[in-house]
Amino acid sequence: MTEEPKRASPQRTPRPPYRVLVVDDSAVVRQTLEAILSNDPELRVIGTAVDPFEAARLMRAEAPDVITLDVEMPRMDGVTFLRKLMEQHPIPVVMCSTLVGAETETLAQVLAAGAVDIVCKPRLGVRDFLEEEAQRLCDTVKAAAQARLERLRPGPATGARAAAPAKRPAGAMARTTQVIVGVGASTGGTEALRQFLEALPPDSPPVVIVQHMPEKFTAAFAARLDGLCAVSVAEARHGDRCLAGHVLIAPGNRHMRLTRSGATYTVTIDDGPLVSRHRPSVDVLFHSIASAAGRNAVGVIMTGMGSDGAEGLKAMRDAGAMTFGQDEASCVVYGMPKEAVRVGAVVEQLPLTGLAPAVLDHVTARDGASAGP
């Protein structure tokens, strides 16, 4: 990118139809994505490019609201282009990547570089896959187009990250914890969750999370967070126990539910139908927490487009749980928290940086009240 593309006004708030630029070296993918996205009345494909250099040329003529970007391309790879784009002319980007195993390093690079979301594409049957995922793909692109990129800039390292205290081993609990923290997020959630989890100490209550993310990427995402946080973070497996100092993230394309046996909480993983147009669904997790934990839980709804999690969080509040919502000013997309507020599910709205301290304060106050004089 030797010349900067034509800049859109920094004050402009994109409105439908959102302008989309498709960048991929595969002619099949370019044609398929263009056809799918053009079929949505809220999207308008302004061009397709075979590599970042052609993309930069097209952007000088008309700045897109959102870009779909491949990783492996000629002349310049997608991660390098993404970094340059965020430095020179920040535009929301959805990475469209061929999935090869977990690819932890690539995922970490893409998220760190500032991608808003990720769409997986297989090595074989790409056209059929994209056509089957057409609605989800359009929803992802529309959500990304509305993202406020300034909210994606990494925040300062928290005390937990800077001090890097030792993680609590899986069998170190002397008693079963009585508080479960449930968290739901979508667009912008990868960065929001990083900041939230970095602020938790190694002896924090167990946390269960649904982040809308493609299958197999959740394991890599969890591994990245595990290396950054004082708490231990892992992709959830069927039957995993919820332990203090441990975070479980629902695997992509699988629902996660909380169950209770006596004083022990575990998670179950299943392949049920889409709920609120998602799998995993925040609503599924939150409804299960309301049923299994009741007032012994805390719910947190974060940045994301749509309404997934609103009804589940309302069920948690009705069951006596404390509930928090991320405020509009700190959200990349103020959709899920807004809907949760609308249905009366949120007790208190807070900026992203205030969520972890509020959760910990609530748990501390609750434990103190339970202990009595």
Side-chain angles (χ1 to χ4, degrees), residues 95 97 99-113 115-120 152 154 157-158 160-161 164-170 180-258 265-271 278-282 284-286 289 300 302-304 309 352 355-356 359:
M95 297 302 295
S97 171
L99 195 61
V100 182
E103 290 198 299
T104 305
E105 184 176 353
T106 301
L107 176 61
Q109 290 175 343
V110 165
L111 295 177
V116 173
D117 215 330
I118 300 169
V119 172
C120 299
L152 281 172
T158 64
R161 181 181 180 186
K167 298 177 186 289
R168 178 185 291 270
I180 291 288
V181 180
V183 183
S186 186
T187 309
T190 53
E191 176 62 20
L193 287 170
R194 179 191 67 79
Q195 294 189 45
F196 177 80
L197 295 179
E198 280 185 343
L200 297 181
D203 60 349
S204 65
V207 181
V208 286
I209 295 173
V210 164
Q211 161 70 46
H212 295 156
M213 184 173 275
E215 187 175 4
K216 297 186 181 180
F217 271 86
T218 41
F221 177 55
R224 174 177 179 256
L225 292 177
D226 188 60
L228 295 173
C229 303
V231 289
S232 295
V233 186
E235 182 185 60
R237 297 171 300 178
H238 186 77
D240 276 349
R241 289 182 61 191
C242 299
L243 303 172
H246 288 250
V247 177
L248 296 175
I249 298 179
N253 203 34
R254 309 286 300 280
H255 287 309
M256 180 169 71
R257 292 176 169 85
L258 184 75
Y265 293 104
T266 60
V267 295
T268 62
I269 307 298
D270 66 67
D271 298 318
H278 292 284
R279 187 175 54 233
S281 165
V282 182
V284 167
L285 175 64
F286 282 177
I289 294 175
V300 181
M302 290 184 172
T303 176
L352 174 58
L355 290 175
V359 169

Closest non-hydrogen atom pair, Met302 against Ala185 | CB-CB, 3.8 Å

Test side chain to side chain contact (heavy atoms under 4.5 Å, CB included) on Met95 and Asp117 and set out the steps.
-> CA-CA 6 Å; Met95 297 302 295; Asp117 215 330; over 6 Å; no

Validation row: Ile180, Pro206 side chains within 4.5 angstrom (heavy atoms) | yes

Could you give me the CA-CA distance, side-chain angles and deciding distance for Arg254 and Asp271, then say whether salt bridge (Lys or Arg N to Asp or Glu O under 4.0 Å) is met?
-> CA-CA 5 Å; Arg254 309 286 300 280; Asp271 298 318; 2.4 Å; yes

Residues that Ala250 engages under side-chain contact (heavy atoms from CB on, under 4.5 Å), provided they are two or more places apart | Val210, Met256, Pro280

By side-chain contact (heavy atoms from CB on, under 4.5 Å) - contacts of Arg279 (at least two apart) = Asn253, His255, Leu274

Report yes if some heavy atom in the side chain of Leu258 is under 4.5 Å from a heavy atom in the side chain of Cys242; otherwise report no.
-> yes

Please lay out, stage by stage, how Arg241 and Tyr265 fare under the test side chain to side chain contact (heavy atoms under 4.5 Å, CB included).
-> CA-CA 6 Å; Arg241 289 182 61 191; Tyr265 293 104; over 6 Å; no

To the nearest 0.5 Å, atom CD1 of Ile269 lies from atom CZ of Arg257 at 9.5 Å

Interatomic distance, OG1@Thr218 vs CG@Leu248, rounded to 0.5 Å, equals 12.0 Å

What's the verdict on side chain to side chain contact (heavy atoms under 4.5 Å, CB included) for Leu197 and Val247, showing C-alpha distance, side-chain angles and the deciding distance?
-> CA-CA 9 Å; Leu197 295 179; Val247 177; 3.9 Å; yes

Find out whether Phe221 and Val233 are in side-chain contact, i.e. whether some heavy atom of one side chain is under 4.5 Å from a heavy atom of the other.
-> no

Residue from Val208, Val267, Val183, Ile209 passing side chain to side chain contact (heavy atoms under 4.5 Å, CB included) with Leu285 = Val208

So CG of Leu193 and CG of Leu228: to nearest 0.5 Å the spacing works out to 12.5 Å

Which atom names give the shortest non-hydrogen contact between Thr303 and Ala192, and what distance separates them?
-> CG2-CB, 4.1 Å

How would you list all residue pairs meeting ring pair (Phe, Tyr, Trp, His ring centres under 6.0 Å) that involve residues 189-213, not counting sequence neighbours?
-> His212-His278

Between Thr187 and Val116, is any pair of side-chain heavy atoms under 4.5 Å apart?
-> yes

Of the non-hydrogen atoms in Ala356 and Leu200, which two are nearest, and what is the gap between them?
-> CB-CD2, 4.0 Å

For residues Val231 and Pro201, report the shortest heavy-atom separation together with the two atoms involved.
-> CG1-O, 3.2 Å

Criterion side chain to side chain contact (heavy atoms under 4.5 Å, CB included) on Ile249 and Leu225, from CA distance to verdict | CA-CA 10 Å; Ile249 298 179; Leu225 292 177; 4.0 Å; yes

Can you check whether Ser186's main-chain N or O pairs, donor with acceptor, with Gln211's side chain at less than 3.5 Å?
-> yes

